[in-house]
Every structure is written in C-alpha cells, then in structure tokens.
Amino acid sequence: MYYDSIVTENKEIASAIWHLKLKTKKTLKAKPGQFINLRVSETLVPFLRKPFSIFDATANTVEVIYKVTGEGTKLLSGKKKGEALNFLGPLGNTYPEVPKGFKKVILVGGGTGIASLHFLAKKLKKKGIKVIQGARNKSCVIHKKKFEEYQGVIATEDGSCGTKGFVTEILKTQLKDNTLIYACGPEQMLFAIQKLAGTKKNVKVLGAFEAYMGCGLGACLSCVIEVKTPKGTENVRVCKEGPVFDVEKIVFSGPRGN
Amino acid sequence: MYYDSIVTENKEIASAIWHLKLKTKKTLKAKPGQFINLRVSETLVPFLRKPFSIFDATANTVEVIYKVTGEGTKLLSGKKKGEALNFLGPLGNTYPEVPKGFKKVILVGGGTGIASLHFLAKKLKKKGIKVIQGARNKSCVIHKKKFEEYQGVIATEDGSCGTKGFVTEILKTQLKDNTLIYACGPEQMLFAIQKLAGTKKNVKVLGAFEAYMGCGLGACLSCVIEVKTPKGTENVRVCKEGPVFDVEKIVFSGPRGN
Amino acid sequence: MTKLNTTVKIGSLELKNPVMTASGTFGYGLEFEEYLDLNSLGDIVVKGLSLKPQKGNKPQRLVEVTGGIINAIGLQNIGVEVFINEKLPKLKKFKTPVIANIYGTCAEEYIAVAAALANTAVAAVEVNISCPNVKKGGIQFASDKVVINEIITGIKKVFDRPVIIKLSPNTGNIEDIARACEEYGADAVSAINTLIGMAIDIEKREPVLSNIYGGLSGPAIKPVALAMVHKVSKAVNIPVIGIGGIMNEKDALEFLIAGATAIQVGSANFVDPAAAGNVVKGINKYMKANKIYEVKKIIKTLKY
Amino acid sequence: MTKLNTTVKIGSLELKNPVMTASGTFGYGLEFEEYLDLNSLGDIVVKGLSLKPQKGNKPQRLVEVTGGIINAIGLQNIGVEVFINEKLPKLKKFKTPVIANIYGTCAEEYIAVAAALANTAVAAVEVNISCPNVKKGGIQFASDKVVINEIITGIKKVFDRPVIIKLSPNTGNIEDIARACEEYGADAVSAINTLIGMAIDIEKREPVLSNIYGGLSGPAIKPVALAMVHKVSKAVNIPVIGIGGIMNEKDALEFLIAGATAIQVGSANFVDPAAAGNVVKGINKYMKANKIYEVKKIIKTLKY
Ligand SMILES: Cc1cc2nc3c(=O)[nH]c(=O)nc-3n(C[C@H](O)[C@H](O)[C@H](O)COP(=O)(O)OP(=O)(O)OC[C@H]3O[C@@H](n4cnc5c(N)ncnc54)[C@H](O)[C@@H]3O)c2cc1C
Ligand SMILES: Cc1cc2nc3c(=O)[nH]c(=O)nc-3n(C[C@H](O)[C@H](O)[C@H](O)COP(=O)(O)OP(=O)(O)OC[C@H]3O[C@@H](n4cnc5c(N)ncnc54)[C@H](O)[C@@H]3O)c2cc1C
Ligand SMILES: Cc1cc2nc3c(=O)[nH]c(=O)nc-3n(C[C@H](O)[C@H](O)[C@H](O)COP(=O)(O)O)c2cc1C
Ligand SMILES: Cc1cc2nc3c(=O)[nH]c(=O)nc-3n(C[C@H](O)[C@H](O)[C@H](O)COP(=O)(O)O)c2cc1C
Ligand code: FES
Ligand code: FES
C-alpha cells in the first residue's frame with residue numbers, strides 16, 4: 001500500500017543511528033519482520049526508495065531505526081517534524097509464530113537488525129523471551145532501556161557495554177535444546193547463529209535477511225537469496241518470499257554476495 | 001568568489017515570486033547588474049547552479065528576487081531561515097555609469113528583471129530617476145511600495161495594476177531626446193525598448209540580458225549572445241562580457257534563441 | 001466535451017493508449033495491482049521469458065547511481081511454460097493486452113519461445129536482442145543482421161501477431177539495425193534497452209555487481225534514448241516504441257513528439273509503482289488542456 | 001611521515017598527479033584561478049582549438065537534465081594562433097603542464113593545428129575525434145580507422161610530444177578503435193567524450209538545443225564511462241585517461257581502479273569550480289588513510 005505520512009519525530013538515538021516516527025492518515029496493519037520502502041527525496045536523487053524494518057507500528061504510526069550509511073539515509077536524517085514522507089508498505093512476510101515443541105525463545109539482533117525484533121518482542125511479550133543485542137560499541141547500542149523490558153542483554157565488540165564480543169558469545173551460554181531463535185542482522189551473524197544452533201537439539205533459527213532492493217514489490221528480481229530446494233537451489237525474493245527465512249534453508253553467499 | 005551563506009529570509013512576495021535574503025561571513029562587493037550563481041541543492045539534482053540578479057547587497061548580505069519556474073527554483077522556495085546555501089559571485093559586469101550628455105534616466109524592468117534595477121535605483125537615487133515595472137498582472141507586481149521611492153510606475157498586461165499594456169506603453173509617453181534607459185527583462189522587451197529609442201534623438205538602452213548558463217564563469221561558452229562588430233558579428237559571453245550590453249549592439253536572436 | 005482518442009497501433013495490435021510498462025520492471029503485472037488500475041494501461045510487457053526457467057546472476061544484481069540504476073539480473077525467469085500456465089491465466093482477467101518479452105541464446109531458442117506463445121492470449125512478442133547481462137545471446141546479437149533476420153523470419157512463421165524487436169543502444173548504428181529489422185519483417189521496434197554500465201566498490205576494489213557490468217536505466221539515459229528514438233523514427237516506417245528514463249507524462253510526451261508511437265515506463269515503476277498509470281492520466285490531462293483530441297496529433301510532430 | 005608519490009606518466013609526459021581538467025569545461029584555466037590553486041592540478045586541458053576561430057552553434061547551447069547536462073557549444077574557440085599568442089603566455093606562469101585539445105574538419109586540419117603548437121609550451125595534444133556537435137569532423141571520424149591513422153601519423157610527424165586520442169562512446173566497438181589508435185602510434189587514449197543526447201521542449205515541440213542533438217555529460221554518464229574505461233584499459237597497453245561524470249575523489253578512484261592512469265574532471269567544474277582541486281586533495285587523503293604511498297598501486301587494481 002501507498003502511504004503519505006508526516007514525520008512526528010526524527011532524532012539521533014545512538015552514534016549515527018536515528019529513530020524516525022511517522023504518522024499516517026490511512027490506517028495500516030504491520031507485522032514484525034515487515035518493512036517499509038521509503039522515499040527520502042523529492043528529486044530523482046537518490047533514485048530508489050530505501051527499505052527499513054518496522055521498529056514499531058500502530059494503526060496510524062510507523063517507526064523505524066536507521067543508520068546513516070550513505071546519501072539516502074543522510075538526507076533522511078535532515079527531515080524535520082512536519083515534513084511529508086511517502087512510503088510503500090508494510091512489505092514482506094513476518095516472523096512465523098512460535099511453533100509447538102520449543103521451550104525457549106531468544107531474539108538476537110545485530111546493529112539496526114534489532115529494530116524488527118523490538119516489534120516482535122512487543123508482540124511476544126507475554127511468552128517470556130530474551131533479547132540479545134549486538135553492537136560495535138557502547139555508542140551504537142540502541143534503546144538499551146526499552147529492551148530491558150524484554151530481558152535485554154548486550155554484546156559489544158569492544159566490551160564497552162555488556163559482554164565483550166559478538167552476540168554468539170552470549171547466545172552460547174544461553175542456548176539449550178528446543179530453542180527457537182528469531183534473528184536479524186548481518187548475514188554473517190545469521191549464519192554464525194545457525195552454526196551454533198547445530199550444536200544443540202531442535203534449535204530453529206528464523207532470520208530476517210537484507211538484500212539490495214530495486215522495487216521492494218517482487219518485480220525487479222534484484223533482492224534474491226539462494227534457497228535450498230529438494231532439487232538443488234533456487235533464487236527467491238527477499239522482498240516477497242522474505243525477509244524472514246529459516247536460516248538453515250539459505251545458502252550462505254559468502255563474501256561476494258551482500 | 002565562493003561564498004557559504006545562510007538564509008535569513010525567504011518568502012513569497014508576489015504570485016510565485018520570492019524574495020531571498022542571504023548573509024555571508026566573508027565580505028563581498030556587489031554592483032548593480034551583477035548576479036550570483038546559487039547552488040540550490042545538496043544532491044546532484046538539479047545539476048547546475050542557478051543564476052540570479054542581485055536585488056540588493058551590502059558587505060555581508062545579498063538579496064535576490066526569484067520566480068518559481070522549474071525544479072531548481074521550487075527547491076529554493078523550500079529553503080528555511082538558517083539553512084546554508086553556497087553561491088559564486090558577484091559575477092558579470094555592472095550597468096555603466098550615466099555617460100555625459102543624457103538629461104533623463106529611466107529604468108525599465110519586466111518581471112523579475114526589476115530586481116537588478118532596484119539595486120541600480122538605490123545607487124542612482126540622488127540623480128533623479130524614474131522606474132517602470134512591467135508585470136503580467138497585479139499579483140505579479142514586485143515590491144510596489146519600495147519602488148515608489150524611485151518614482152516607480154507600473155504597467156500590467158491586463159491592466160489590473162497601473163497602466164494597461166507593456167512597459168513600452170508607459171515608456172512611449174515618457175521618452176524624450178537625450179534619455180538613458182537601463183533595462184532588464186525578456187529579450188523581446190529589450191528590443192521593443194530599443195526600437196522605441198530609435199524614435200528619439202540620443203537615446204541609449206543599456207540592457208541586462210539573460211542566457212542559459214552552464215558555469216557562470218566564462219568557461220563553458222553556453223551563454224553567448226551575438227554582438228555586432230565592425231567585421232560582422234561575434235558570440236560573446238553573457239556571464240563574462242555581460243550581462244549588461246548596449247542593446248543597439250546586440251543581434252536579436254528571434255524566437256529560436258532564448 | 002469531446003472525447004479523447006488515445007488509441008495507437010503497433011502492427012495489427014490496437015492499444016487504447018500509448019503507455020506500456022517496460023519488460024523486467026513490472027514483473028508479471030500482478031505485483032502492481034494494488035497500486036494502479038492495470039486496465040488503464042495501454043499494454044503490459046512482462047519480464048523476459050526464455051524456453052527454460054533461468055536462475056539469473058548472483059547478487060549483487062542492482063545498484064543505484066545518479067539518476068538511475070544499473071542492473072544485472074541476468075534474465076532470471078520462470079520459463080515460458082510456467083508463464084503460460086500460471087501467470088497468463090491471472091492476467092486474463094484484465095482487459096489490457098499482454099506482450100511477452102522473449103529471449104534465447106540462439107535463433108532457434110527465440111523461435112521456440114515464440115512458438116510456445118503462439119496459441120496463447122499473448123498479444124505480441126517483444127524480442128530482446130539487446131540484454132547486456134547474459135553471456136550468450138542478448139547483446140552479441142544486437143548488431144548481427146544475419147541472426148536478426150533468422151530470428152524475425154523464424155518467429156513470423158510460428159507466431160501470427162506483431163513482432164517487436166527491442167534495440168540495443170550499445171552500438172554506433174542503431175538506425176541501421178532498425179532499418180534491417182523493418183526489412184526483415186518486424187512490425188515495430190522498441191528502443192532503448194539499457195546502456196552498458198559499471199560501478200566499483202573502492203573499498204573492496206571490486207565491481208559492485210557480481211556480473212561486473214550491468215545495464216544502466218532511469219532518467220540518466222533519457223537524453224540518449226530520446227536522441228535514438230528520434231533518429232530511428234526518421235529511419236523506419238514501422239512504429240517505434242520509446243523507452244528510457246520516462247518518469248512522468250512530460251517525459252512521455254517528449255518521446256511521442258520525437259517520433260514514438262507508444263512508450264514504455266521502466267525504472268520509474270520502482271520509484272512509484274503508480275507511475276505508468278500516472279503517465280496515462282497525465283497525457284490525458286495535457287491533451288485536454290491543449291485541446292488535442294487525438295494522440296496521433298502529438299506523435300512525430302517535432303519541429304526543427 | 002612517508003611522502004606520497006602521486007606521479008603518473010602519459011607517454012613521455014610526467015604529471016605530478018593524475019588529476020586533469022576536461023576540455024571545454026575549464027575554459028583556458030584562467031577563469032578558475034580564484035577558486036583553486038592551478039598549480040595543484042596534474043594538468044590543464046584547454047577548450048578545443050581549431051585552425052581558425054569558430055563561432056560555434058546558435059543558442060540554446062546547453063541544457064540541464066537529470067544528473068548532468070547536454071551541450072552543443074559547437075566548438076566555439078579563439079583559434080590556435082590567438083591561443084598561442086594570448087592565452088598560453090598567461091598559462092606559463094603556472095607550473096602545471098597544459099594540454100591542447102585539438103579539432104579539425106579533415107585530417108589535414110588536425111595536423112595543421114598540431115603543427116602550429118609544435119614550438120609552443122603545450123605539453124601534449126588531445127585529439128578530439130569524437131565531438132558530436134559539429135557537422136564535419138568530430139564524430140564522423142570517431143569510427144573511421146583510415147582517417148584516425150592519417151591523423152595520428154600526420155601529427156606524430158609535426159609534433160614531438162605525446163598525442164592522446166579522445167575516444168567517442170557513441171560506438172559499439174570502442175575497444176577496437178582504442179586498439180587501432182595504439183597501433184597507429186597514439187601515446188594514450190582518453191575516454192569518454194559525451195554521449196549523443198537530446199531534449200525536447202514539449203510546449204514548443206522543438207528541440208531545446210538549436211543544434212537538435214548535443215552531448216550528454218555529468219554523473220549521468222559515469223557508469224557508461226567507467227565500463228568503457230575498464231574495457232579499453234584491458235584492450236590496450238598505452239595509458240588510458242578516464243573521463244565521465246567525475247564529481248569527487250571517490251568517482252576518480254573508481255576510474256583509477258578500473259584502469260585509468262589519469263582522470264579528467266569535466267562538468268563538475270560547473271557545479272563547483274574548486275572540484276578538480278578537491279579531487280587532488282581527496283585522493284591524497286584517501287591514500288594517507290589507506291596507507292597507500294604510490295598512486296600506481298591504485299591504478300588498474302580491480303579484482304574480479
Ligand atoms: C528488508 C530490509 C530491511 C532493512 N532495515 C533496515 C533498518 O531497519 N535500519 C537500517 O538502518 N537499515 C535497514 N536496511 C538497510 C537500508 O535499506 C540501507 O542501509 C539503506 O538503503 C542505505 O541507503 P543510503 O542511500 O543511505 O546508502 P547507499 O549510499 O545507497 O549505500 C550505502 C551502503 O548501504 C548498502 N545498502 C544500500 N541499499 C541496501 C539495501 N537495500 N540493503 C542492504 N544494504 C544496502 C550499500 O550496499 C552500501 O554499502 C534494510 C534493508 C532491507 C533490504
Ligand atoms: C544573468 C541572469 C540573471 C537572472 N536573474 C534572475 C532573477 O533575478 N530572478 C529570476 O527569477 N530569474 C533570474 N534568472 C533566470 C533564472 O536563472 C532561471 O529562472 C532559473 O535558473 C530557473 O531554474 P529552475 O531550475 O527553476 O528552472 P528550469 O527547470 O531549469 O527551467 C525552467 C525555465 O527557466 C528557463 N531557464 C533555466 N535556466 C535559465 C537561465 N540560466 N536563464 C534564463 N532562463 C533559464 C528554462 O529555459 C526553462 O524554460 C536569471 C538568469 C540569468 C542568466
Ligand atoms: C531490473 C530491470 C530488469 C530488466 N529486464 C529486462 C528484460 O527482461 N527484458 C528486456 O528486454 N529489458 C529488460 N530491462 C530493460 C527495460 O525494459 C528498459 O528497456 C530499460 O530499463 C530502459 O527503460 P527505463 O530507463 O525506463 O528503465 C530491464 C530493466 C531493469 C531496470
Ligand atoms: C560545455 C562542454 C564543452 C566541451 N567541449 C569539449 C571540447 O571542446 N573538446 C573535447 O574534446 N571535449 C569537450 N567536452 C567533453 C568533455 O571534455 C568531457 O569529455 C565530457 O564532458 C565528459 O566528462 P564529464 O562528464 O566529467 O563532463 C565538452 C563538455 C562540455 C560539458
Ligand atoms: S526488490 Fe525488486 S524483487 Fe525484491
Ligand atoms: S555560463 Fe559558462 S561561459 Fe557563460
């Protein structure tokens with residue numbers, strides 16, 4: 001769906017990481033894992049819309065957390081309260097509900113990947129979950145307070161906040177048989193988690209992937225990811241069949257893919 | 001020269017016509033007829049800088065009057081107080097001083113062409129001048145009040161303000177032998193004035209021309225205008241040798257040139 | 001009020017208006033259903049089809065550049081059979097004709113794809129002899145008149161509706177190739193496909209696209225496309241379909257004035273999924289405002 | 001701190017760094033004196049010179065498009081004699097070598113311009129066989145190997161410093177032409193000149209440029225230029241000078257990595273008259289940050 005929204009807040013909440021809140025007139029129905037495809041400019045530069053995971057949403061609001069990495073996000077960070085922004089969404093699939101047979105649920109987010117897990121945690125709240133957030137260092141930690149509600153713990157690469165090391169350091173100590181992991185972050189992280197999952201019985205990793213998107217609508221076939229099939233592999237669209245996949249079924253694309 | 005300036009005011013003063021005020025840290029020295037070449041965007045769209053005549057200037061301020069005609073001026077109209085804008089300038093030559101032998105001085109401006117004549121009128125003030133402003137209709141008249149200081153009269157095409165018709169209607173009634181006319185506006189207007197000038201003795205028209213500019217610095221040769229020379233004609237640069245020329249010496253480019 | 005006549009003809013195919021969608025930028029049409037009225041379009045051109053399903057290139061397949069994108073999808077597609085069985089039936093509920101963009105690695109394959117489409121609802125084929133993103137076929141054929149002749153002649157034997165040849169801009173002689181297409185029996189030509197382009201990741205010192213090169217599209221190529229469409233439309237008498245960086249009705253009108261009988265909206269669909277529909281509306285509005293009641297009075301009217 | 005070595009060689013000409021200005025976008029250099037230190041540049045390439053002064057095309061000569069401009073200046077210039085007598089003496093006060101971009105309507109004229117420059121301070125000639133904005137010469141030579149041979153051989157006889165051939169992108173075989181230039185004795189090739197483009201005024205139904213077509217430049221053409229520079233640098237062993245849409249040091253580095261020995265800053269000079277100087281500074285900064293002390297360790301290092 002096509003939404004004309006208004007910026008209600010746009011502020012830097014961590015180092016180069018911003019929290020954007022939008023309100024819409026037309027109502028929307030968003031689910032955790034889904035994303036919006038945001039037009040950040042009135043001109044033709046940047047050309048493409050920019051996809052961002054939904055951090056939170058109600059019938060008339062959407063929030064995203066974004067990192068300033070390039071021209072588009074830089075322009076976005078200049079948007080002021082009251083400015084109009086158009087987005088398409090909610091797009092993509094959602095994190096599947098916790099299937100039967102899992103005793104523990106852990107959410108693992110790396111970098112801005114924590115955004116979609118916030119929305120998920122909020123929805124799963126009652127079910128007793130744990131959230132692990134990975135960040136480069138203290139200044140990159142996102143909404144530490146908010147995540148404490150969900151038993152949030154933090155791993156930083158330099159140890160400046162929480163445990164030192166990657167999220168897998170914490171996960172290692174927490175992982176038990178029959179655990180469902182919801183994860184979002186760099187591909188490398190998702191596969192590291194999948195590897196760890198293999199060390200226990202009945203651990204499933206449902207991961208939200210990123211891919212370079214042209215349209216976000218399933219039309220351009222830019223955003224594909226290689227999925228194992230009975231006959232071999234096939235390329236499926238992150239924007240349509242994803243972004244959430246069973247990580248076990250995904251072929252790691254290695255350093256060349258990104 | 002290269003100036004980083006700050007918007008101190010940017011407001012619509014007539015129908016689609018805006019008044020922009022900039023302040024600079026570095027001092028500048030501007031003369032009537034000169035222009036600035038303004039970067040209206042942080043991105044590469046629009047690509048070129050946009051030239052605007054100087055409406056007024058002091059050592060640390062520049063003002064321009066612009067009409068919203070396309071993407072660049074539209075973006076410019078969105079600039080708010082406090083935003084940074086970079087410009088090159090002052091560029092081009094100035095209106096020559098009133099030569100000996102002229103008894104009367106009339107300034108004729110069409111549309112936003114009135115801008116550079118405001119600056120000129122301010123400088124010539126003491127010398128007793130008359131300003132004729134041409135506009136499509138009442139809603140397009142620029143700073144009526146301000147021009148009253150300089151014996152400003154107005155011609156509108158539909159007669160909704162001042163005399164009905166083109167500026168030449170008023171000029172006709174005012175024109176005497178030995179008059180110097182400073183003019184700025186559409187090419188057609190400049191040549192209509194020149195034609196009128198021919199009906200009297202010793203009337204000189206010094207007109208500021210516009211031309212599509214690539215660089216504003218004399219480097220690209222986009223902005224040329226055909227000037228009569230003893231040997232025939234040659235193409236000279238409006239941004240460097242102009243924008244002010246003796247209209248008599250210019251070859252009317254007709255409907256194809258603009 | 002006088003009614004607008006916006007119909008145009010591409011060979012025997014009459015379109016209710018000159019606005020199509022460009023292959024590869026509009027999926028199979030259905031992805032855009034919620035954003036615009038598919039019935040309002042003159043035509044839908046679907047993603048390039050080959051005989052067998054294709055996996056396409058490895059990611060990264062697309063990258064944004066100033067005023068456009070470079071793509072190297074590599075013609076991933078479901079294959080002509082699956083298209084006929086699964087997509088075409090869904091497209092039939094719309095009144096808008098569907099053009100199949102087809103592609104092969106040799107003349108025989110092109111002809112086989114066209115043959116497979118012969119008894120379907122497909123209204124025409126657009127033959128992609130110009131895709132820069134595949135190893136075989138595609139661009140290498142773009143300037144080979146012998147193969148072009150084989151392809152056109154072969155398709156005309158097995159497929160009785162209009163055959164459109166999509167021209168490559170990566171050549172010094174696009175008019176020449178267009179003239180050859182006309183001579184060999186093409187019903188129309190479309191121009192342009194993407195320009196060969198490249199982007200480099202300076203940190204990794206690697207091409208951004210795994211395929212090294214890709215095809216540049218979007219407003220960045222509009223001036224080039226417009227010049228080529230103007231030249232081609234002077235060179236041939238068959239209809240020319242203008243493509244390249246069309247974002248809105250103003251761009252579309254430039255192409256029509258330059259000589260295009262119809263136009264395709266491509267990368268613009270990514271910026272605004274309603275773009276093609278807006279171009280239709282915009283042209284109608286322009287016609288009314290200017291009291292032009294036949295779109296044919298716009299086509300090829302450039303004064304110079 | 002280790003000193004940076006940014007020198008590169010174009011034939012026998014050593015440049016202190018690989019950053020040049022593109023012909024036609026930097027006037028005669030002097031126009032930019034107040035915006036940047038002309039001594040900081042690797043080289044200045046001046047506006048195309050012909051044997052006699054040229055008036056150029058009628059206005060409108062230039063128009064802005066998405067991500068760039070289209071120009072049809074038509075090679076207005078003061079002629080080689082006036083250049084030598086009036087401009088060159090002023091340029092001599094700078095340490096930066098000056099390259100003359102030259103142009104003619106036939107091989108003889110090209111050779112005559114080069115001959116006129118033989119005993120001047122000009123460090124090299126860049127031969128424009130690819131300007132799309134003039135009726136004779138220019139682009140029609142761009143793919144004519146016989147004429148190219150004549151021009152190169154002729155100039156080499158009368159002019160003893162490096163001869164650079166500027167290649168046209170409006171061809172399907174730029175590598176082929178580059179190889180021919182190398183074979184005929186060119187010391188380097190530069191790529192690319194502008195792409196043929198067009199814009200139409202839909203209200204007047206006229207081309208915006210009086211010349212109908214013009215040359216597209218600016219970031220819009222960068223992906224095309226980069227792909228061509230990459231291809232050409234694989235095809236020849238002489239240095240390749242990369243041109244096309246370079247706005248900053250990042251763009252410049254892409255070209256160097258792709259295989260360019262030097263680069264030219266063109267339309268960017270209009271956006272920011274200090275652009276070329278900023279590219280020099282930016283490359284130095286990048287080298288220091290990445291501990292690369294020789295610019296040659298960047299050139300042609302693309303991994304793929
Ligand atoms: C489904 C999905 C959800 C996402 N959610 C978030 C989020 O919640 N918060 C957040 O900060 N970012 C998120 N991203 C990434 C975000 O879209 C990019 O960071 C953004 O588009 C960069 O735009 P830019 O113009 O600033 O950068 P560019 O200048 O375009 O690029 C800067 C860097 O970002 C990379 N990049 C560009 N586009 C994408 C893309 N589509 N996917 C991945 N990397 C890209 C480029 O390769 C480049 O290295 C998400 C991406 C996807 C596909
Ligand atoms: C020396 C000089 C002084 C000028 N002073 C003023 C001024 O004081 N106030 C004012 O409103 N305008 C002035 N102009 C015109 C102004 O530069 C253009 O209106 C502006 O650049 C249009 O930018 P845009 O992106 O909005 O329009 P675009 O979308 O680029 O074009 C809209 C229309 O404006 C015309 N245009 C574009 N560039 C120029 C140009 N360089 N010269 C003339 N027409 C152009 C186009 O042909 C087109 O028809 C001046 C131009 C020159 C050369
Ligand atoms: C992502 C993408 C995929 C494309 N796939 C095809 C294709 O399968 N077949 C084809 O003939 N053209 C294909 N094209 C080219 C377009 O149809 C069109 O010719 C080109 O993009 C120029 O138009 P534009 O600038 O409006 O996008 C593709 C273009 C893009 C951007
Ligand atoms: C206004 C203008 C004038 C030009 N004049 C010449 C010229 O005289 N000779 C020439 O070889 N190239 C000329 N060019 C081409 C540039 O040198 C350069 O090859 C081209 O603009 C691409 O680089 P850019 O995208 O960085 O501008 C001109 C370009 C522009 C924009
Ligand atoms: S982004 Fe276009 S198909 Fe997924
Ligand atoms: S605008 Fe470039 S020479 Fe005048």
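Naming convention: chains lettered A, B, ... in sequence-line order (proteins, then strands); numbering from 1 in each chain.
- Looking only at heavy-atom pairs under 4.5 Å with chain C, the residue among D:Pro219, D:Pro169, D:Gly68, D:Gly67 that has the most is D:Pro219.
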Short of 3.5 Å, which donor-acceptor contacts do chain D and chain C share? List atoms and distances.
from     : atom 1 : to       : atom 2 : distance (Å)
D:Met198 : N      : C:Pro223 : O      : 3.0
D:Ile200 : N      : C:Glu254 : OE1    : 2.8
D:Ile202 : O      : C:Tyr286 : OH     : 3.3
D:Lys204 : O      : C:Lys303 : NZ     : 3.2
D:Arg205 : O      : C:Lys303 : N      : 2.8
D:Arg205 : NH1    : C:Lys297 : O      : 2.9
D:Arg205 : NH1    : C:Thr301 : OG1    : 3.1
D:Tyr213 : OH     : C:His230 : ND1    : 2.6
D:Pro223 : O      : C:Met198 : N      : 3.0
D:His230 : ND1    : C:Tyr213 : OH     : 2.6
D:Glu254 : OE1    : C:Ile200 : N      : 2.8
D:Tyr286 : OH     : C:Ile202 : O      : 3.3
D:Lys297 : O      : C:Arg205 : NH1    : 3.0
D:Thr301 : OG1    : C:Arg205 : NH1    : 3.1
D:Lys303 : N      : C:Arg205 : O      : 2.8
D:Lys303 : NZ     : C:Lys204 : O      : 3.1

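- If you measure heavy-atom distances from D:Ile212 to chain C, the contacts under 4.5 Å come from the side chain alone.
- In this structure, chain C has no heavy atom under 4.5 Å from any part of D:Ile174.
- Atom CD1 in D:Ile202 sits 5.0 Å away from atom CG in C:Leu253 (nearest 0.5 Å).
- Residues of residues 239-247 of chain D never come closer than 4.5 Å to chain C when only heavy atoms are counted.
- Among all heavy-atom pairs drawn from C:Pro223 and D:Ile70, the shortest one is CB-CD1, 3.6 Å.
- Heavy atoms of C:Leu302 lying under 4.5 Å from chain D belong to its backbone as well as its side chain.
- Summarising the geometry, atom CG belonging to D:Leu195 is positioned 6.5 Å from atom CG belonging to C:Leu195; distances are rounded to the nearest 0.5 Å.
- Taking 4.5 Å as the limit, every side-chain heavy atom of D:Ile196 sits out of range of all side-chain heavy atoms of C:Val224.
- Contact record, C:Leu226 with D:Ala199: CD2-CA, 3.9 Å, taken as the closest heavy-atom pair.
- Of the two parts of C:Val65, only the side chain, counted from C-beta on, holds a non-hydrogen atom closer than 4.5 Å to a non-hydrogen atom of chain D.
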